[in-house]
*Asks:* 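Below you will find the structure I want to go over with you.
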Amino acid sequence: MKLTKTRAQLSLAWASLMNAPGFVTAVIATLALTLATLFVVLSLVNSYFLKPLDVYDESRMVVVEQSLTYDDYDATGFQSYQSMVHWLKHNQSFEQSIMINAGEQIFANLDGEPKEPVLYVGGNYFDLLNTPFLMGQGFDSGETLETPDDRVVISANFWRKHYNSDPNIIGKTLSVMAGETDYVHRIVGVVDASFSPPYMFKASDVEVWFPSSADRRFFHNDDWQSPWTNTFKNLKLIAVLKPGVTID
């Protein structure tokens, strides 16, 4: 009796669904969208929070940021260039350290003068992040802020999009628009497409990498000695603690 009743209820439910095809389509579409969103979220969580970072030494790597306290408010997440430079040069706790700063640049010698996301990095950035290169190389680990550097590294996507995958790209030039002056840089490497900067270092794609000293917003211009009170949102110091040193 119960089995017969269950079959009758299923038949009635099926007939009702067939009389409302729009409702069925909406339900299926909603379920598909929900599952797709779930898979994307799980993939992001695995990539950014669960999967070990492919870096020099994840257990000792830290991101150094400061919080500035004023009489009437706290400036959390904004960094002083002078403080970063001071830590970079005078710290006694880091085995290695680099300064990074995100930005955008317009490239004057490319068709359409595109604006692309860029990252200014210390010389050993690529070594710390075990960066794979399609061709060429990164910057020297001994790079200093006092010496202007004309080298530049580009992504595989940038290479394909703007240079038509030119196999002879190493040594070619890339011009950055800066007011009335264009600064010419020499391409020394192409980063493999498999590389993506860790989320905590840069939250979006990077197409071009410059040495920190090439950031003419703050270095090698008429007033590049930025005041200690000048703070910037995208500035970070990435460091590897010396063995035995902790963040406590």
Side-chain angles (χ1 to χ4, degrees), residues 36 39-40 43-44 46-48 51 53-56 98-145 147-221 234-236 238:
F39 288 144
V40 169
S43 177
L44 291 174
N46 177 67
S47 298
Y48 293 126
K51 183 180 179 181
L53 295 177
D54 184 14
V55 296
Y56 171 75
I98 56 172
M99 188 166 61
I100 67 173
N101 196 16
E104 292 182 327
Q105 286 291 1
I106 297 174
F107 297 99
N109 66 320
L110 301 179
D111 291 342
E113 297 183 343
K115 178 186 287 188
E116 299 283 5
V118 305
L119 200 61
Y120 295 91
V121 301
N124 49 343
Y125 168 91
F126 298 106
D127 290 336
L128 284 180
L129 300 187
N130 294 331
T131 307
F133 276 83
L134 194 62
M135 61 181 74
Q137 59 187 5
F139 309 133
D140 299 333
S141 59
E143 174 254 1
T144 66
L145 299 176
T147 304
D149 196 326
D150 69 346
R151 293 172 299 170
V152 65
V153 169
I154 62 176
S155 70
N157 179 63
F158 192 92
W159 172 61
R160 287 192 297 267
K161 182 167 62 173
H162 297 297
Y163 288 92
N164 196 30
S165 301
D166 181 0
N168 300 310
I169 188 64
I170 303 301
K172 297 288 181 67
T173 58
L174 186 60
S175 297
V176 173
M177 185 180 295
E180 298 180 355
T181 304
D182 292 344
Y183 293 102
V184 179
H185 295 264
R186 175 174 47 90
I187 298 173
V188 297
V190 179
V191 171
D192 191 83
S194 63
F195 176 74
S196 179
Y199 183 82
M200 65 283 297
F201 298 169
K202 178 68 172 68
S204 62
D205 293 334
V206 178
E207 297 292 352
V208 179
W209 291 263
F210 294 95
S212 294
S213 62
D215 192 348
R216 295 182 185 271
R217 294 174 298 178
F218 312 110
F219 299 112
H220 310 293
N221 55 45
N234 294 320
L235 183 64
K236 290 182 174 65
I238 312 302

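We use all heavy atoms of the structure for the numbers below, so side chains are in, but hydrogens, waters and symmetry mates are not. Residue indices begin at 1 and follow the sequence shown. From a predicted model like this one, the values you see are computed outputs, not experimental measurements.
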*Asks:* Test your reading of the model: is there a side-chain donor-acceptor pair from D182 to the backbone of A108, 3.5 Å cut-off?
*Replies:*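 Absent.
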*Asks:* Does S212 reach the main-chain N or O of V121 with its side chain, forming a donor-acceptor pair under 3.5 Å?
*Replies:*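 Yes, the answer is positive, given that a donor and an acceptor are paired below the 3.5 Å cut-off.
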*Asks:* Would you give the length of the straight line joining atom OG of S175 to atom CD1 of I106, rounded to the nearest 0.5 angstrom?
*Replies:*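 Between atom OG of S175 and atom CD1 of I106 there are 13.0 Å.
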*Asks:* Please determine which of F133, F210, F126 meets the ring pair (Phe, Tyr, Trp, His ring centres under 6.0 Å) test together with F139.
*Replies:*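 Considering F133, F210, F126, a ring pair (Phe, Tyr, Trp, His ring centres under 6.0 Å) with F139 is found only for F126.
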*Asks:* With the side chain counted from C-beta on, respond yes when F158 and V190 share a heavy-atom pair under 4.5 Å apart, and no when they do not.
*Replies:*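 SC-SC contact between F158 and V190 ruled out.
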*Asks:* Strictly by modelled atom types, are S155 and N157 linked by a side-chain donor-acceptor pair under 3.5 Å?
*Replies:*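 No.
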*Asks:* Can you classify the ring geometry of Y125 versus W209 as parallel (below 30°), tilted (30 to 60°) or perpendicular (above 60°)?
*Replies:*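 Because their plane-to-plane angle lies in the 30° to 60° range, the rings of Y125 and W209 count as tilted.
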*Asks:* Apply side-chain contact (heavy atoms from CB on, under 4.5 Å) to the pair Y163 and L110, showing each step before the final yes or no.
*Replies:* CA-CA 9 Å; Y163 288 92; L110 301 179; 3.8 Å; yes
*Asks:* Tell me, with the steps shown, if Q105 and Y120 meet side-chain contact (heavy atoms from CB on, under 4.5 Å).
*Replies:* CA-CA 11 Å; Q105 286 291 1; Y120 295 91; 2.6 Å; yes
*Asks:* First locate atom CD1 of I238, then atom CG of L128, and finally report the distance between them rounded to the nearest 0.5 Å.
*Replies:*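 If I round to the nearest 0.5 Å, the distance is 9.0 Å.
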*Asks:* Return the minimal non-hydrogen interatomic distance between V153 and Q137, and the atom names on each side.
*Replies:*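 Between these two residues, the closest heavy atoms are CG2-O, 3.7 Å.
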*Asks:* Please set out all donor-acceptor pairs under 3.5 angstrom arising from side-chain atoms of residues 165-172, sequence neighbours excluded.
*Replies:*
unit_1 : atom_1 : unit_2 : atom_2 : d
D166   : OD1    : N168   : N      : 2.8
D166   : OD2    : K172   : NZ     : 2.5

*Asks:* Can you list, pair by pair, the side-chain donor-acceptor contacts under 3.5 Å of residues 111-118, counting residues two or more places apart and other chains?
*Replies:*
unit_1 : atom_1 : unit_2 : atom_2 : d
E116   : OE2    : K161   : NZ     : 3.1
E116   : OE2    : H162   : NE2    : 2.9

*Asks:* In sequence, state the C-alpha distance, the side-chain angles, and the governing distance for I187 and W159, and then conclude on side-chain contact (heavy atoms from CB on, under 4.5 Å).
*Replies:* CA-CA 10 Å; I187 298 173; W159 172 61; over 6 Å; no
*Asks:* Give, for atom CG of L119 and atom CD1 of I100, the distance between the pair rounded to the nearest 0.5 Å.
*Replies:*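 The CG atom of L119 sits 5.0 Å away from the CD1 atom of I100.
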*Asks:* Work out which heavy atom in A193 is nearest to a heavy atom in A156; give both atom names and the distance.
*Replies:*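 So the minimum-distance heavy-atom pair works out to N-CB, 3.7 Å.
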*Asks:* What are the two closest heavy atoms between L235 and N101, and how far apart are they?
*Replies:*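 Shortest heavy-atom separation between L235 and N101 comes out as N-OD1, 3.3 Å.
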